[in-house]
Number of protein chains: 2
Amino acid sequence: MVLVKKTPTIQDVARFSGVSTATVSRALSSPERVSESTRARISEAVQLTGYTPNQSARSLRQKTARTILVALPDIRNPFFSAILDSIEREAAARGYGVLVANRFSGGDSGRRMRDYFLSNRVDGLLLFDGSVDLEQLMLLTGDPAPVPLVVACEEIPSAPFHTVRTDNCYAAEQATRHLIGLGHTSIGHIAGPCGNVLTAERAAGFRKAMGDAGLMVREDWLFEGAFGMDQGHAAGQRFAALRERPTAMFSANDESAIGFLSALNQHGIACPRDVSLVGFDDLDIAAHVLPPLTTMRQPREALGRIAAGALIDVIEGQSRSRLPMHMVLSSELIVRGSTACPPAHQSSAAASVLPV
Amino acid sequence: MVLVKKTPTIQDVARFSGVSTATVSRALSSPERVSESTRARISEAVQLTGYTPNQSARSLRQKTARTILVALPDIRNPFFSAILDSIEREAAARGYGVLVANRFSGGDSGRRMRDYFLSNRVDGLLLFDGSVDLEQLMLLTGDPAPVPLVVACEEIPSAPFHTVRTDNCYAAEQATRHLIGLGHTSIGHIAGPCGNVLTAERAAGFRKAMGDAGLMVREDWLFEGAFGMDQGHAAGQRFAALRERPTAMFSANDESAIGFLSALNQHGIACPRDVSLVGFDDLDIAAHVLPPLTTMRQPREALGRIAAGALIDVIEGQSRSRLPMHMVLSSELIVRGSTACPPAHQSSAAASVLPV
DNA sequence: GAAAGTAATGCAATCGATTGCAGAGGTTTC
DNA sequence: GAAACCTCTGCAATCGATTGCATTACTTTC
């Protein structure tokens, strides 16, 4: 009694409109090659049957999947989830689906990626995780014709791919200069996980700004935040235990900074009175912690959009240049309440007043 | 000179191992049907050629995509990104890919979903967005054989699908009781966006706990937080402007609560001294704001894992029951620093002491 | 008015894996 | 020793859309 409706195929449409499947296919993909009247009959039949092309059949024939793979280190990180949002939007607008592969590092990541391509599930890869083993993937094709791949955020030096990233080094420099401009001379740094390219770049920017200003970088004022709130908190604990503390800190990301802040509070260290703090990323939360966090805003929406667009351009062979392009987006300093002049300034001002 | 390596097919493996493609196929999918020696030769050839089955061909023949579609209202929301993380893990473990469709509501959502199924791109749908139009999707098949679909978080009453969710109403009740247990009698509520099922359930739990305790719910102490930090902040502004304020607030989610907190701080209203605050979700950030947020922890990891598992069971026809199952996970109260006894208690205690 | 050109359409091969059916060769059963 | 029954394997159809080539029926050109 139950009428099992088969999902309509191109055959059904062809039968309904009294033409061959070839004509139906052409009517849908290159309408100008089909006469007006036939086209009308076909689109009527499409309406009637509710036909949608079978993607598997199309993929098999055309060897494209109309799907991209996004490999992320940790999707729970709000930094990445915002990017994924804009990737998804751009991809959907261009008719591509988005497959996510999370925590995409570790031993067999190369093989897993390779399988995605070999099994024809995806046309391209958007890689946000620099720790992935690319060697395996590179085996896929000869060197001169690598798989469509765009590397985002992380830098993979000398690889023949487009990259999209923000200028971490310069941004870190700017963040540090902001503190220096406020009068701070003793400044520490909460770094990311070691081995990470971002960590290295941001630390380099910090050192550069310090060096340019003729300030010393004290190794005991460098903490590892590893990009997590808990690790930032731990850094805060160690900070509180210092005999001599810097008057300002630059954190390599907002999450570390927020964890750091919460530890400060536990120890009765006030921000920005006792210590100024600059974060990195401008997560939504940054404006809402106490005090609101001064931070370097990363253009997350643009990053995802541009990376996805570039990848699809490569897939469709529309990439403007044959050579790998390296796109660098710039960050913006957002000054909020977590930075102020150093207490030393005030006391030295006081000192210079009192003796008079 | 460039050797274009074609991606290896089952034909190549067959040729290498001197058997037919049928045997190779069987060796890979049901090894027990192939003799030991042949199997060895085949797996050697697989190694040698680096063969991976073409998923499009397989999908076409078997009418399965080994992919699920996850429809989310907003992936940037950390609540959802944590769930997506566990979905992805569970799906990957069972050999399924995860396609994400973000902001999956609005006019044509039904048609978009229908197309995903009709085009054979996905085998099932994990729906986190109650505002999606299911009618269109239901047209796909007869009523008795609906598409594999699991509805998570949101409740769609009387629909013939498995659902996985947390007991929002009871959890909200518990959260409110926690405040009542501390001695609060004037309690307000920051609600979610109106029209949302979660909003309604959490508000209902709030009202239930208040009613059970014989407490009045004052309509001017109900704010709309709409689940965003900015809206929570706005609610905080309105709270600060009240002539008479409640001594405690229950917020329908952590983000609203955090926005609310930041507004309180701007107005010099101290939490928990002047007002206690309970959130909902236990985002990572909740432990790191100031004061650390008391909140109802949602079992996010379990939610994603169970929902994905249930969906794949349905897809593979292993679903234990033919009837829709309604799984309800329970939440846990995490008491942190944002809740305390009401100031009224202290002053009344003081009052009762002083006159003596 | 013949040759050439063009527009619209159909035929049938093709993509790569799966699977129903059948056959070959061997073993068990009575 | 014939019938029945395995086990292992191959043949060829099949899934649904795309596309190179061929065909038909006009139109244009000189």
Side-chain angles (χ1 to χ4, degrees), chain A residues 4-43 45-46 49-66 95 115-123, chain B residues 4-43 45-46 49-67 95 115-121 123:
Chain A
V4 179
K5 297 185 207 162
K6 253 182 72 271
T7 81
T9 73
I10 200 171
Q11 319 281 346
D12 300 322
V13 177
R15 201 166 337 105
F16 262 78
S17 44
V19 296
S20 70
T21 61
T23 303
V24 176
S25 174
R26 281 189 283 253
L28 296 176
S29 57
S30 38
E32 75 284 358
R33 297 192 48 196
V34 172
S35 75
E36 179 93 32
S37 62
T38 314
R39 215 187 310 153
R41 275 213 319 287
I42 290 175
S43 71
V46 168
T49 53
Y51 168 72
T52 305
N54 181 315
Q55 185 60 41
S56 305
R58 178 178 274 179
S59 293
L60 176 59
R61 181 64 220 249
Q62 303 193 134
K63 296 182 181 310
T64 68
R66 292 196 81 73
D115 285 353
Y116 267 106
F117 281 100
L118 252 41
S119 68
N120 205 241
R121 285 172 84 112
V122 303
D123 300 322
Chain B
V4 178
K5 296 185 207 162
K6 254 185 70 267
T7 82
T9 71
I10 200 170
Q11 321 280 345
D12 300 322
V13 177
R15 201 165 340 104
F16 262 79
S17 45
V19 296
S20 71
T21 62
T23 303
V24 175
S25 174
R26 281 188 284 253
L28 296 175
S29 55
S30 38
E32 74 283 358
R33 297 191 49 196
V34 171
S35 75
E36 179 93 32
S37 62
T38 313
R39 216 187 309 153
R41 274 212 320 287
I42 290 175
S43 71
V46 168
T49 53
Y51 168 71
T52 305
N54 181 315
Q55 184 60 41
S56 305
R58 179 179 272 179
S59 293
L60 177 58
R61 181 62 220 248
Q62 303 193 134
K63 296 180 181 310
T64 68
R66 291 196 80 74
T67 302
D115 286 352
Y116 267 106
F117 280 101
L118 251 43
S119 68
N120 205 242
R121 284 172 85 111
D123 300 321

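Order of the sequence lines fixes the chain letters, A, B, ..., with proteins taken first and strands second; residue numbering starts at 1 for each chain.
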Show every donor-acceptor pair shorter than 3.5 Å between a side-chain atom in residues 10-18 of chain A and any protein atom, with sequence neighbours excluded, or say none if there are none.
unit_1  : atom_1 : unit_2  : atom_2 : d
A:Asp12 : OD1    : A:Arg15 : NH2    : 3.1
A:Asp12 : OD2    : A:Thr9  : N      : 2.8
A:Ser17 : OG     : A:Val13 : O      : 2.7

How many angstroms lie between atom [atom1] of [X] and atom [atom2] of [Y], to the nearest 0.5 angstrom?
{"X": "B:Arg58", "Y": "B:Ser29", "atom1": "CZ", "atom2": "OG", "result": "7.5 Å"}
{"X": "B:Gln62", "Y": "B:Asp123", "atom1": "CD", "atom2": "CG", "result": "10.0 Å"}
{"X": "B:Arg39", "Y": "B:Leu28", "atom1": "CZ", "atom2": "CG", "result": "11.0 Å"}

Heavy-atom contacts under 4.0 Å between residues 24-39 of chain B and DNA chain C, which residues?
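Contacts with DNA chain C under 4.0 Å: B:Ser25, B:Arg26.
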
In residues 58-65 of chain A, what residues come within less than 4.0 Å of DNA chain C, judged by heavy atoms?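 Those residues whose heavy atoms fall under 4.0 Å from DNA chain C, taken from residues 58-65 of chain A in numerical order, are A:Leu60, A:Arg61, A:Lys63.
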
Could you pull out all residues at least two apart from [X] that satisfy side-chain hydrogen bond (donor to acceptor under 3.5 Å, both in side chains)?
{"X": "B:Asn120", "answer": "A:Ser56"}
{"X": "A:Ser20", "answer": "A:Thr23"}
{"X": "A:Thr38", "answer": "A:Ser35"}

| said: Quick check on DNA chain D: between A:Thr52 and B:Ala22, whose nearest nucleotide comes earlier from the 5' end? | reply: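 This one resolves to B:Ala22.
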
Test your reading of the model: is there a side-chain donor-acceptor pair from A:Thr64 to the backbone of A:Ser59, 3.5 Å cut-off?
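Here the side-chain-to-backbone pair does not exist.
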
In degrees rounded to 10°, what angle is found between the helical axes fit to the five outermost pairs at each end of the helix from C:dG1-D:dC30 to C:dC30-D:dG1?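 Between the axes fitted at each end of the helix from C:dG1-D:dC30 to C:dC30-D:dG1 lies an angle of 40°.
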
Verify the contact: side-chain N or O of A:Ser20 to OP1 or OP2 of C:dT9, cut-off strictly under 4.0 Å; return yes or no.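 For A:Ser20, the contact criterion (side-chain N or O under 4.0 Å from OP1 or OP2 of C:dT9) is not met.
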
Sugar-phosphate only, base, or nothing, as touched by A:Thr21 at under 4.0 Å among non-hydrogen atoms
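The answer is base, as A:Thr21 lies within the cut-off (heavy atoms under 4.0 Å) of a base atom.
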
Grab the two heavy atoms, one from A:Ile42 and one from A:Val24, that are nearest each other, plus how far apart they are.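 In this case the closest contact between A:Ile42 and A:Val24 is CD1-CA, 3.9 Å.
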
field: Residue list, side chain to side chain contact (heavy atoms under 4.5 Å, CB included) with B:Ser119, at least two apart or on another chain
entry: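 Counting only residues at least two positions away or on another chain, B:Ser119 forms a side chain to side chain contact (heavy atoms under 4.5 Å, CB included) with A:Thr52, A:Gln55, B:Arg121.
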
Could you tell me from which nucleotide to which nucleotide of DNA chain D, 5' to 3', there is an atom under 4.0 Å from chain A heavy atoms?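 Nucleotide range in contact with chain A: D:dG16 to D:dG20.
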
